[in-house]
Asks: 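Take this structure, written in structure tokens, and hold onto it; I'll ask about it next.
When a ligand or atom number is given, it counts from 1 through the structure's own listing order. Residues take their numbers from the sequence shown, with the count starting at 1.
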Amino acid sequence: MSRLSDISYIKDVMERHGTDFSKALGQNFLINPSVCPKMAELSGADENTGVIEVGPGIGVLTYELSKLAKKVVSIELDKRLLSVLEETLADCNNVKVINDDVLMADIDKIIAEEFGGEKVAVCANLPYYITSPVIMRFLEGEYPIKALTVMVQKEAAERICAKPGSRECGAITLSIHYYCEPELLFKVSRGSFLPAPKVDSAVIKLNIREKPPIEPKNKELFFKLIKAAFMQRRKTAVNSVAAGLSKNKAEIIEAFKKAGIEENIRAEKMTLQNFSDLSDALA
Ligand code: SAM
């Protein structure tokens, strides 16, 4: 068992380096010793595969990834953790820590310079205040990535992994399904973190598709339609889309007809194919 999940060690190392848990940066560190080895194993990290990690914290997951991966590049925003990581990862000579905001970092450059442009795995216990933006950044960037294995809030995991067409489905479900096939790997209780958050978590794996399952003519409009349709869940998709796109309802009804979609359908019942046909009808 790594000492990095030991509560007294975590408190001691943070105190010695003059840092504490930042709520604003979503710093809930993993203390359940079984979680990180399992996540690292399931992430696809191996001697031929490099890993990008978001938010190493004090390095508990980084340490496990470094044992399996060819190389690990960890992006951490909190400057105060850099000296902590120097100490905790002193034995891991295949790890590089970059002090940056993952939402601003040049991912293309990191993959080209640190991994020779080869496909990487992404693995992270994500800061929950930016779960969706981080996931969407990695997906929309269409970088050479095999899969994203990430810990997120349990409710977010269930929504992301919901079946399109089911009641749990949201705009994020469909947007993510366009890029990848998601699977819920395992749940993690709130007591597995220090400090304990108010919610439980789950680890999901987003396996990137070789090619999207549908090819809308106008991708931007396609994603806009998904967002608009789910904006007012209690309304019919026609009404929600008309309001979201500031369009005349008659024009939207006409597009639904042209796409062969029932006029009274609700957004959660619509498939990726429906949204693709609708955006083609409106394009
Ligand atoms: N990996 C560690 C663990 O599992 O114990 C820490 C996970 S903690 C939930 C999230 C980490 O992400 C923190 O270390 C936090 O400082 C970092 N973080 C927050 N916002 C970030 C951002 N925009 N870019 C990079 N790292 C960020």
Asks: Would you check if there is a donor-acceptor pair between the side chains of Q27 and D78 at a distance under 3.5 Å?
Replies: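 Note: D78 and Q27 side chains meet the donor-acceptor criterion.
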Asks: I'd like the contact residues of ligand 1, where contact means a heavy atom below 4.0 Å.
Replies: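 The 4.0 Å shell around ligand 1 contains L25, G26, Q27, N28, F29, L30, E53, G55, P56, G57, V60, I75, E76, L77, D78, L81, D100, D101, V102, N125, L126, P127, Y129, I130.
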Asks: Sequence neighbours excluded, which residues qualify as ring-ring contact (aromatic ring centres under 6.0 Å, His included) partners of Y63?
Replies: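 ring-ring contact (aromatic ring centres under 6.0 Å, His included) list for Y63, sorted by chain: empty.
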Asks: Please check: side-chain N/O of T236 versus main-chain N/O of R266, any donor-acceptor pairing under 3.5 Å?
Replies: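 Here the side-chain-to-backbone pair does not exist.
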Asks: Provide the full list of salt bridge (charged side-chain N to carboxylate O under 4.0 Å, His left out) pairs with a residue in residues 110-128, sequence neighbours left out, each pair given once.
Replies: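 Passing the test, one end in residues 110-128: K70-E118, K71-E114, K96-E114, K119-E210.
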Asks: Would you tell me whether E183 and N207 have side-chain atoms, one donor and one acceptor, within less than 3.5 Å of each other?
Replies: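 Yes, N207 and E183 have a side-chain donor paired with an acceptor closer than 3.5 Å.
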Asks: If you look only at pairs with a residue in residues 105-163, which of them pass as a ring-ring contact (aromatic ring centres under 6.0 Å, His included), with sequence neighbours excluded?
Replies: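 The answer is none; no pair qualifies.
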